[in-house]
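Inspection log for the structure reproduced underneath, given as structure tokens.
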Amino acid sequence: MATDAGARTWTLTTVTGADTLTDVHALIEEMMSAGRVEDADRFPFEIAVAEIAANIIEHAALGQPVPMSLRLRALPERLEAEFTDEGRPARVDLGTVELPDALAERGRGLAIAMAALDELSYRRQGGINRWILARERVEPT
């Protein structure tokens, strides 16, 4: 993630549950309300963040509560998100992610997130999953 001194940061620390996606969307709304973000950046970024959050909620602890944090950053040239969670390791190779066939009922989240972002990475270290998301702004503010 960039280390620009002009960045603003918003953080959510929680245990995943029924309200987690609502809380994630509320944090994104708080971020977007604080600064001018064009719709061309806002909507793809929000979708990508929500898709990764949903995957953590569903897969990191098989639907059970898991400690999770989300840090959002708004920089003049990009939007960033960093998720950490204490769930199971994600069994994913981001280099091979693609949309499933049109009739598939599941499996689109990572492909959608990747299409919406300029950067999506995952790593596990010391029992912690870390997802990094970034979208370069269409028109820097």
Side-chain angles (χ1 to χ4, degrees), residues 1-102 104-141:
M1 294 180 116
T3 57
D4 226 0
R8 297 198 52 201
T9 303
W10 295 263
T11 303
L12 169 67
T13 302
T14 189
V15 174
T16 60
D19 295 330
T20 304
L21 279 178
T22 300
D23 295 342
V24 166
H25 282 288
L27 189 67
I28 295 168
E29 181 59 34
E30 186 179 325
M31 173 188 181
M32 298 301 172
S33 296
R36 196 174 135 248
V37 178
E38 300 297 324
D39 287 349
D41 294 320
R42 176 192 176 124
F43 298 127
F45 184 76
E46 184 168 8
I47 289 167
V49 171
E51 289 292 347
I52 299 303
N55 280 351
I56 291 169
I57 293 163
E58 182 175 351
H59 301 294
L62 300 174
Q64 298 300 310
V66 62
M68 180 192 89
S69 69
L70 168 60
R71 182 177 64 136
L72 300 175
R73 289 177 18 117
L75 294 98
E77 72 282 356
R78 65 194 263 146
L79 304 173
E80 300 175 340
E82 178 182 16
F83 282 99
T84 58
D85 71 76
E86 298 177 21
R88 300 175 329 134
R91 304 275 187 238
V92 63
D93 176 357
L94 293 176
T96 63
V97 170
E98 58 185 40
L99 282 171
D101 69 61
E105 293 183 20
R106 304 176 53 78
R108 290 180 175 78
L110 286 176
I112 289 169
M114 290 182 75
L117 298 168
D118 294 296
E119 177 186 340
L120 176 62
S121 65
Y122 166 79
R123 72 177 177 174
R124 181 165 175 95
Q125 186 174 20
I128 303 293
N129 296 311
R130 174 165 285 132
W131 294 88
I132 305 290
L133 298 75
R135 179 172 174 87
E136 302 298 323
R137 290 186 178 209
V138 173
E139 296 180 27
T141 57

Quiz item: Could you give all pairs that pass the salt bridge (Lys or Arg N to Asp or Glu O under 4.0 Å) test and reach residues 12-35, with sequence neighbours left out?
Solution: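 Checked against salt bridge (Lys or Arg N to Asp or Glu O under 4.0 Å) - neighbours excluded - the pairs reaching residues 12-35 are Glu29-Arg42.
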Heavy-atom pair with the smallest gap, counting every atom of [X] and [Y]:
{"X": "Ala54", "Y": "Leu21", "answer": "N-CD2, 4.0 Å"}
{"X": "Ala48", "Y": "Ala116", "answer": "CB-CB, 4.1 Å"}
{"X": "Ala90", "Y": "Tyr122", "answer": "N-OH, 2.9 Å"}
{"X": "Ala60", "Y": "Asp85", "answer": "CB-OD1, 3.6 Å"}
{"X": "Gly87", "Y": "Arg124", "answer": "O-NH1, 2.8 Å"}

Exercise. Return the set of residues passing salt bridge (charged side-chain N to carboxylate O under 4.0 Å, His left out) with Arg130 (not counting sequence neighbours), or none when no residue passes.
Key: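 Salt bridge (charged side-chain N to carboxylate O under 4.0 Å, His left out) check on Arg130 returns Glu82.
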Exercise. List in chain and number order the residues that pass salt bridge (charged side-chain N to carboxylate O under 4.0 Å, His left out) with Glu86, two or more places apart in sequence or in another chain; answer none if no residue qualifies.
Key: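 For Glu86, no residue satisfies salt bridge (charged side-chain N to carboxylate O under 4.0 Å, His left out) once neighbours in sequence are set aside.
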Practice problem: Considering only NZ, NE, NH1 and NH2 on the basic side and carboxylate oxygens on the acidic side, decide whether Arg78 and Glu136 come within less than 4.0 Å. | Solution: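 Yes.
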Quiz item: Do NZ/NE/NH1/NH2 and the carboxylate oxygens of Arg135 and Asp41 come within less than 4.0 Å?
Solution: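 The answer is yes: the pair qualifies as a salt bridge.
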Min side-chain heavy-atom separation [X]-[Y] under 4.5 Å:
{"X": "Leu75", "Y": "Glu77", "result": "yes"}
{"X": "Leu110", "Y": "Asn55", "result": "yes"}
{"X": "Leu27", "Y": "Leu70", "result": "yes"}
{"X": "Leu79", "Y": "Arg137", "result": "yes"}
{"X": "Glu80", "Y": "Ile132", "result": "no"}
{"X": "Val49", "Y": "Val24", "result": "yes"}

Between [atom1] of [X] and [atom2] of [Y], what distance do you get to the nearest 0.5 Å?
{"X": "Leu120", "Y": "Leu133", "atom1": "CG", "atom2": "CG", "answer": "5.0 Å"}
{"X": "Asp39", "Y": "Phe45", "atom1": "CG", "atom2": "CZ", "answer": "14.5 Å"}
{"X": "Arg8", "Y": "Arg73", "atom1": "CZ", "atom2": "CZ", "answer": "12.5 Å"}
{"X": "Phe43", "Y": "Met32", "atom1": "CZ", "atom2": "CE", "answer": "9.0 Å"}
{"X": "Asn129", "Y": "Ile52", "atom1": "CG", "atom2": "CD1", "answer": "11.5 Å"}
{"X": "Ile56", "Y": "Met68", "atom1": "CD1", "atom2": "CE", "answer": "6.0 Å"}

Practice problem: Check for a donor-acceptor pair, side chain of Arg88 on one end and backbone N or O of His59 on the other, with a separation under 3.5 Å. | Solution: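 Here the side-chain-to-backbone pair exists.
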Quiz item: Under the 3.5 angstrom rule, does the side chain of Thr16 hit a backbone N or O of Val66 as a donor-acceptor pair?
Solution: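 Yes: the side chain of Thr16 pairs with the backbone of Val66.
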Quiz prompt | Donor on one side chain, acceptor on other, Thr13 and Ser69, under 3.5 Å | solution =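 Note: Thr13 and Ser69 side chains miss the donor-acceptor criterion.
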